Amino acid sequence: MDTSVPEPSLYIVKAILILDNDGNRLISKYYDDTYPTPKEQKAFEKSLFTKTHRANAEIIMLEGLTCVYRSNVDLFFYVIGSAQENELILVNVLNCFYDAVSQILRKNVEKRALMENLDGIFLAIDEVCDNGIILESDSSAISQKVSFRSDDIPLGEQTVAQVTHNASLSSLVLHSAKEQLKWSLLK
Amino acid sequence: MRRDKKEDEDGGNPFYNLEKSTVLQEARTFNETPIKIRKCCHILTKILYLINQGEHIGTTEATEAFFAMTKLFQSKDVTLRRMVYLCIKEMATISEDVIIVTSSLTKDMTGKEDQFRAPAIRALCRITDSTMLQAIERYLKQAIVDKVHAVSSAALTSSLHLAKVNPDVVKRWVNEAQEAVSSDNVMVQYHALGLLYHIRKSDRLAVTKLVSKFAKHSLKSPYAYCLLIRIACKLLRDDDSGMDSPMFDFIESCLRHKSEMVIYEAAHAIVNMKQTTAKELAPAVSVLQLFCSSPKPTLRFAAVRTLNKVAMTHPAAVTACNLDLENLITDVNRSIATLAITTLLKTGSESSIDRLMKQISSFMSEISDEFKIVVVQAVKSLCMKFPRKHSIMMNFLSSMLRDEGGFEYKKAIVDSIICIIEENPEAKEVGLAHLCEFIEDCEHTVLATRILHLLGREGPRTPQPSKYIRFIYNRVILESASVRAAAVTALAKFGGHCEELMPSVIVLLHRSQLDTDDEVRDRATFYVNVLQQKQAALNSAYILNGLQVSIIGLERALHQYTLEPAEKPFDLKSVPLATQPLAEQKTAAVGPGETPGVKATEKVAASRQDIYAEQLAAVPQFANLGPLFKSSSMPLELTESETEYSVRCVKHMFPHHIVFQFDCTNTLNDQVLENVTVHMESTEDFEVINYVPAPSLPYDKPGITYTLVRLPDDPTQVTTSFTCTLKFVVKDCDPNTGIPDDDGYEDEYVLEDVELLVADHVQKVMKPNFAASWDEVAEENELEDTFALSTMKTLPDAVKNVIQFMGLQPCERSDKVAEGKNTHTLYLAGVYRGGHDVLVRAKMVLDDSVTMQLTVRSTDAHASEVIVSAVG
């Protein structure tokens, strides 16, 4: 029965994943060598997705691992730990990560917004978990560390594309902003 | 709006179809001045994305991009800088010369900008090797106790990573870690505790102090609590100290913590402890019970999963939760539902089964095959536990059999039914009827043939064998070739066993002789011819009981025969018999989840003797001994454990000789043994004719020596006892190099005696139809005797001992004594050395002690005599 009690260690998270609604990998971080090669990782992600994309059940045991997950619109967030791991710790990590992402994307948790802010998401994962050690458990602390928008750059340094890019980041009045710009350029 | 359209095609992913070469090309932008922050950030994201997708980047390309990236340190933009850190970490393993950024990172780490410092530390530690660690050690120690929490956490976690390669350096930071534990930030506290434990984990006393200290000062972080519980648990486990230890009190007190995470961790820890009693379990179980009704699925899952574990060892402790568990049966998360059911089935009493089964049936249709299998296995084990409830279980299983389902699922059900039939004779007829119905509409050939085989074996012995004929014959008409062949065999068994059915069976088989498939035709023709002889002996040998040889052995013998064609016909008796896999009896005892393991051992057992046969054949001294008859299954230990030399003995029986194989191991690292033999002496007519020494026996490398003994001419003299002595030449040697001195001296070492028993002369053989074999062997060499087994007080004891003495295979499941009976008949079968069939019928009566009437039949008169002598 010794194996059923986890060794005291800070290394708790085995992987953090975000998949889209076709099961494709958007972001994945594996922290140990449970799945050493990209091929094995992809195979695992595939079976994980087929098991989880329909049933909205929050937790599943798969291939001897505990996987907790959350989905929204077209995104699936996963946190993976060992089968002996405290499930509630993993869920805590998942929720913290999800909330941080949600704050970064201004509650707009969907694939397009995620891809447009991919840099922020990469930074957020890096703040949630450092090589398998849970680094931060407070989602607002994470989103604060990540989202320091550099709005103070003088306009002259930005190209038009960058301005539109900035506008799209704010994601609020995307279209109207574009239209306005277009008109301003045409004049 | 063209852009939108394009995005729709690639699923709204702007990074879709990124070209690695293009992105790396773009990385040259990094060299431009002034730095275009947005653009560079975007390119870094692209690089990260590529690495993330598992794209392989070559070392040269990576190094080039990495060097370009170092230029970005000129910019002060926070996001860009942090993306650079990320990229450094990701590329640390694929690029060369990553250490060139050390000075830039060290500058950031010690700089004023707090936002840079924490991530800089983490990036720096990723690229640092042990030589450079000295240089930054001072900064890291400072960082651990930094007042900025993020910096402190970063330094602590990085120290843990570093401790994997540089444990000694990190050990010196223990004071800083100690200081950090008292931080008021939850994460810093957690990380510091982790590091502190890691540094001190080999020092038991320090760890004990650590736990008792923090158990009193309440920690802030729930994570830290979980960690502390695990440490306390490990201490308890290592000491084997009882439940009165302060460690246990601490864990128990955590059950009242305010965080669910900590409560669960504590409950889980208590459940998993080795020697918990119901009293200690009760509080843990009651918090888990509360969790069962939580709105959070994960909490419910965790609780049920842990309760399920408790149910395996302490089913009574969980009964209090039965009501909560029953509510979980309808949980939307099917993992939770399945765990709840299987737990209930483990804890349920006999009276609640009817209700439970009804409940399960209502939701079986909703769950996936995977979970259904779990339920089926639970039902199976339940059926073993409460044999009287078999009719409900059978109905349940058969209705599941009728439902839709994949192969694995159906197989699990069929396995369960077969298992129940074999265990419980009362369930036999019902079970067979269900299976008959199933094969009427079964698309899986494997299952159909398996059931037909079972019908052939069990059907003829039921009160009304004729009713199965129709089901079987339907298969002959409707199915594919392999099922037809199996059906033909099954039919023949009915004909062979039941005389009154024989004429009709022959008529049916005649029809199959016109089958389109060779195998079916051959079988039909063979069986028709055998049956028409109307000889019970033939029926028994060729229809009801089949071949008993090892398949691998038969293949090898036939191959040998074709290589060296001889005048005389191939002798089947020269083929080694199939070793009766021990696993067969075990199947009943192990739980459903462990079946794959049993299959593995079965395979090993079947081929073990073949491996020995090959090894022995390679020894020239044993060339003329004839075929290997039997190798003893368990090696016999001839030395105490932890003595100088360890010796184990395996007996190999040949027609007129016996080979003792000694597996010797030398456990002294300053000695080499040479020319090792085992001398054997017996008081009787057993004569040692040859030794095959082990030439050299260095430390811890097992070696084999053989001793060849000729059996006495008197065929009834089969048992004896040998005194054994290990003889060898000792040479001292250097423990480090293992090179021995030139001269040694002779020495010997007394081993335990080796007994030669009747069981060694007998090979177990399973006769599926014992009665037929009994008639086949006939009364010619029958011996009968009555024994009073005064030392045995119960029937199961007597049965066990008789089987052990004789070394024969119990048939017809007669090794299991029905409860509450005081008479029992044991049927044993086997083959005596030289290939003579031996059958034993032992009628036992229990009075105060057991009285046994033993009847032995054999094809050889001496064999009967020897077997009877085994008991006396």
Side-chain angles (χ1 to χ4, degrees), chain A residues 1-2 4-11 20 22 24-29 37-39 41-42 55-61 68 74 86-92 111-112 115-116 118-120 122-123 126 130-131 133-138 141 145-146 148-150 153 157-159 162 165-166, chain B residues 7 11-15 34 36-39 41-42 44-45 48-49 52-54 77-79 82-83 86 115 119 122 150 153-154 157-158 160-161 186-187 190-191 194 197 201 223 226-227 230-231 233-234 237 260-261 264-265 268-269 272 274 296-299 301-302 309 332-335:
Chain A
M1 284 296 255
D2 274 1
S4 56
V5 185
E7 272 292 298
S9 159
L10 290 187
Y11 292 92
D20 71 4
D22 297 318
N24 297 317
R25 171 197 288 190
L26 298 181
I27 290 186
S28 76
K29 289 292 289 175
T37 66
K39 205 176 149 203
Q41 293 173 0
K42 290 255 161 90
N56 193 9
E58 199 178 297
I59 183 163
I60 187 175
M61 305 285 301
V68 292
D74 50 3
N86 185 332
E87 293 90 341
L88 303 181
I89 295 183
L90 295 177
V91 162
N92 243 27
K111 185 174 168 186
R112 178 169 303 207
M115 293 318 283
E116 279 166 3
L118 201 59
D119 48 353
F122 273 125
L123 291 175
D126 186 54
D130 181 46
N131 245 1
I133 299 181
I134 305 166
L135 198 60
E136 182 54 78
S137 56
D138 178 9
K145 281 183 201 167
V146 172
F148 14 73
R149 290 279 143 248
S150 41
I153 307 169
E157 230 185 89
Q158 300 182 17
T159 62
Q162 277 172 337
H165 185 68
N166 273 347
Chain B
E7 278 185 10
N13 183 348
F15 297 94
K36 293 179 179 142
I37 293 167
R38 284 274 152 219
K39 201 173 172 199
C41 223
H42 195 61
L44 288 176
T45 314
L48 281 177
Y49 182 80
N52 212 278
Q53 289 296 314
D77 183 84
V78 182
T79 314
R82 302 211 39 197
M83 289 305 281
L86 265 191
Q115 276 171 319
R122 293 199 279 136
S153 272
T157 51
S158 300
L160 259 180
H161 301 318
V186 283
M187 291 319 283
Y190 170 58
H191 295 140
Y197 170 71
K201 69 178 166 194
Y223 289 139
C226 291
L227 182 64
R230 286 182 199 179
I231 298 174
C233 240
K234 191 170 156 53
R237 205 164 60 228
E260 282 167 345
M261 192 197 293
Y264 171 64
E265 183 74 44
H268 185 253
N272 280 308
K274 265 186 220 140
K296 294 178 195 162
T298 307
L299 203 49
F301 177 88
K309 211 174 274 171
V332 278
N333 185 333
R334 287 306 172 202
S335 314

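Because the structure is predicted, anything quoted here is derived from the model rather than measured. First the proteins, then the strands, lettered A, B, ... as listed; each starts at 1.
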Side chain / backbone / both / neither for [X] at chain B, heavy atoms under 4.5 Å:
X	answer
A:Thr37	neither
A:Pro38	side chain
A:Lys29	side chain

> Do we see a donor-acceptor contact under 3.5 Å between the side chains of A:Glu87 and B:Thr298?
Replying inline: no
>> When you measure from the side chain of A:Asp74 to the backbone of A:Lys111, do you find a donor-acceptor pair of N or O atoms at a distance under 3.5 Å?
In response: yes
> Is a side-chain donor or acceptor of B:Asn272 paired with a backbone partner of B:His268 at a separation under 3.5 angstrom?
Replying inline: yes
>> Heavy-atom cut-off 4.5 Å, strictly under: side chain, backbone, both or neither for B:Met83 against chain A?
In response: both
> Side chain, backbone, both or neither: which part of B:Leu86 has an atom under 4.5 Å from a heavy atom of chain A?
Replying inline: side chain
> If you look at every heavy atom in A:Arg25 and B:Gly54, which pair is closest and at what distance?
Replying inline: NH1-N, 3.8 Å
>> I'd like to verify something: which residue of B:Glu260, B:Lys296, B:Met187 has the highest number of heavy-atom pairs under 4.5 Å with chain A?
In response: B:Met187
>> Tell me which of these, B:Lys201, B:Gln53, B:Glu265, has more heavy-atom pairs under 4.5 Å with chain A than the rest.
In response: B:Gln53
> Who wins among A:Ile27, A:Leu90, A:Asp130, A:Ile133 for the most heavy-atom pairs under 4.5 Å with chain B?
Replying inline: A:Asp130
> Which residue out of A:Asp138, A:Asn131, A:Val91 racks up the most heavy-atom pairs below 4.5 Å with chain B?
Replying inline: A:Asn131
> Roughly how far, to the nearest 0.5 Å, is the NZ atom of B:Lys234 from the OH atom of B:Tyr197?
Replying inline: 5.0 Å
> How many angstroms lie between CD1 in A:Ile59 and CZ in B:Phe301, if you round to the nearest 0.5 Å?
Replying inline: 4.5 Å
> What's the verdict on side chain to side chain donor-acceptor pair (under 3.5 Å) for B:Tyr223 and B:His191, showing C-alpha distance, side-chain angles and the deciding distance?
Replying inline: CA-CA 9 Å; B:Tyr223 289 139; B:His191 295 140; over 6 Å; no
